Chemist: 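This is the structure, below, for whatever I ask next.
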Amino acid sequence: MEEIDALRTIFNRMTACFRCYHQSWEVVETAAGAQFRKLEIRSAGTDFHEIGNAFYKGIKNTTQDRSTHLKDLDCDGVSLFVDAEGRKHIVLVDLKSNFDIQKICGAYEQDIHTFLKLHALFSLCEGYSLRGMVIDLIVACKTFKDTDQEARVLDILSMKCMEEEDSFEKKFLNSLLHDGPVKTCKMDDLKTIRSLPFHPSIKGVDVRLHLFTTMRYTDMEGIYNL
């Protein structure tokens, strides 16, 4: 992949962060106490070009040290792949232990800010362009512990939808829960992006938001097919 090769060549002190996996790629949560530890992402015939999180973690000198808007947030895993139609994807994944609305919304923010950091670095690279690209923002967590938790979460979500017209919960999370685990939009539909004067190529890129929940509350791992 040309842009990965360029990134690895330019940032040649970080070459250990780049790996390639065929047909499946694992995102692992290493934090102590994590209750959901691994998501395996599969896509038949696909090569996943992983960028290890050591590459994009801890660069606050280019984000929050210089901006109150850009956060030095990091997701748990990033990879690039090319789909059967030839479209390139950047996949950003964050894992959460429990179904908590605030934490899930925060996880999508982690994906978005990780993308912004990587885009700034990729923009130096030969072969990189957002034209025709898809950005996949994936959040994965355990399912509801029981029907009581499910009822509480749905009540909170319902209130959020009534109170805040432009909330992430109303525009995206409610749909992901009730209409299916994938929702498509433009990057500019996300409030974090829309509220700032980002380049049109960023605002116009296609985004797919994914929400994965485990089959059982006791599950600590999952498999997701892209």
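Quick caveat, the model's predicted, so the values are computed rather than measured. Quick note: residue numbers are just sequence positions, from 1.
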Chemist: Between Q23 (side chain only) and G45 (backbone N and O only), is there a donor and an acceptor less than 3.5 Å apart?
Modeler: yes

Chemist: side-chain hydrogen bond (donor to acceptor under 3.5 Å, both in side chains): which pairs involve residues 191-200, sequence neighbours left out?
Modeler: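 The answer is E109-T192, D166-R194, H199-S201.
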
Chemist: Is the distance between the ring centroids of F144 and F99 under 6.0 Å?
Modeler: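 Yes, the ring centres sit under 6.0 Å apart.
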
Chemist: Would a distance-only check, ignoring hydrogens and angles, find a side-chain to backbone donor-acceptor pair under 3.5 Å from T214 to T143?
Modeler: yes

Chemist: Look up atom CZ in F81 and atom CD in E50, then write down how far apart they are to the nearest 0.5 Å.
Modeler: 14.5 Å

Chemist: Backbone N or O of F172 within a donor-acceptor pair of the S175 side chain at under 3.5 Å?
Modeler: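 Pair absent, no side-chain N/O of S175 close to backbone of F172.
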
Chemist: Give the minimum heavy-atom separation between C141 and I104, together with the two atoms involved.
Modeler: SG-CD1, 4.0 Å

Chemist: Using the rule given for side-chain contact (heavy atoms from CB on, under 4.5 Å), can you reason through K160 versus I101, listing the C-alpha separation, both sets of side-chain angles and the distance that settles it, and then say yes or no?
Modeler: CA-CA 10 Å; K160 283 280 188 181; I101 289 177; 5.5 Å; no

Chemist: Hey, is the main chain of D100 close enough, under 3.5 Å, to the side chain of N98 for a donor-acceptor pair?
Modeler: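 No, the answer is negative, given that no donor and acceptor are paired below the 3.5 Å cut-off.
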
Chemist: So if I apply the side-chain contact (heavy atoms from CB on, under 4.5 Å) rule between V139 and each of D111, L173, L209, L92, which one comes out positive?
Modeler: D111

Chemist: Determine, step by step, whether D206 and R87 satisfy the side-chain contact (heavy atoms from CB on, under 4.5 Å) criterion, reporting the C-alpha distance in whole Å, the side-chain angles of both residues, the deciding distance to 0.1 Å, and the verdict.
Modeler: CA-CA 11 Å; D206 290 333; R87 296 189 76 182; 2.8 Å; yes

Chemist: Step through the shown structure and confirm whether more than 12 heavy atoms of other residues, nucleotides or ligands are within 6.0 Å of CD on E126.
Modeler: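 Not more than 12 within 6.0 Å, no.
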
Chemist: With rounding to the nearest 0.5 angstrom, report the CD1 to CG distance, I59 to L118.
Modeler: 7.5 Å

Chemist: Starting from the C-alpha separation in whole Å, work towards a yes-or-no answer on side-chain contact (heavy atoms from CB on, under 4.5 Å) for F122 and I4.
Modeler: CA-CA 8 Å; F122 265 125; I4 288 287; 4.1 Å; yes

Chemist: Could you tell me whether R8 and D5 have a side-chain N and a carboxylate O separated by less than 4.0 Å?
Modeler: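 Salt bridge present between R8 and D5.
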
Chemist: I'd like to know if the side chain of H113 and the backbone of L73 have a donor-acceptor N/O pair within less than 3.5 Å.
Modeler: no

Chemist: Can you spot which of K88, E2, H119, E3 makes a side chain to side chain donor-acceptor pair (under 3.5 Å) with Y128?
Modeler: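 When K88, E2, H119, E3 are each tested with Y128, the side chain to side chain donor-acceptor pair (under 3.5 Å) holds only for H119.
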
Chemist: Has T114 got a side-chain atom pairing as donor or acceptor with C75's backbone, closer than 3.5 angstrom?
Modeler: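 Pair found, side chain donor or acceptor close to backbone of C75.
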
Chemist: Assess the residue pair T63 and K117 against the criterion (side-chain contact (heavy atoms from CB on, under 4.5 Å)); give the C-alpha distance rounded to whole Å, side-chain angles, the decisive distance to 0.1 Å, and a yes or no.
Modeler: CA-CA 8 Å; T63 54; K117 290 194 289 185; 3.7 Å; yes

Chemist: Is Q35 reaching over with its side chain to a backbone N or O of G33, donor-acceptor style, under 3.5 angstrom?
Modeler: yes

Chemist: Any side-chain donor paired with an acceptor under 3.5 Å for D72 and Y56?
Modeler: no

Chemist: Could you check whether K142 makes a cation-pi contact with Y217, meaning its NZ or CZ is under 6.0 Å from the centre of the six-membered ring and within 45° of the ring axis?
Modeler: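 Satisfied, under 6.0 Å and within 45°.
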
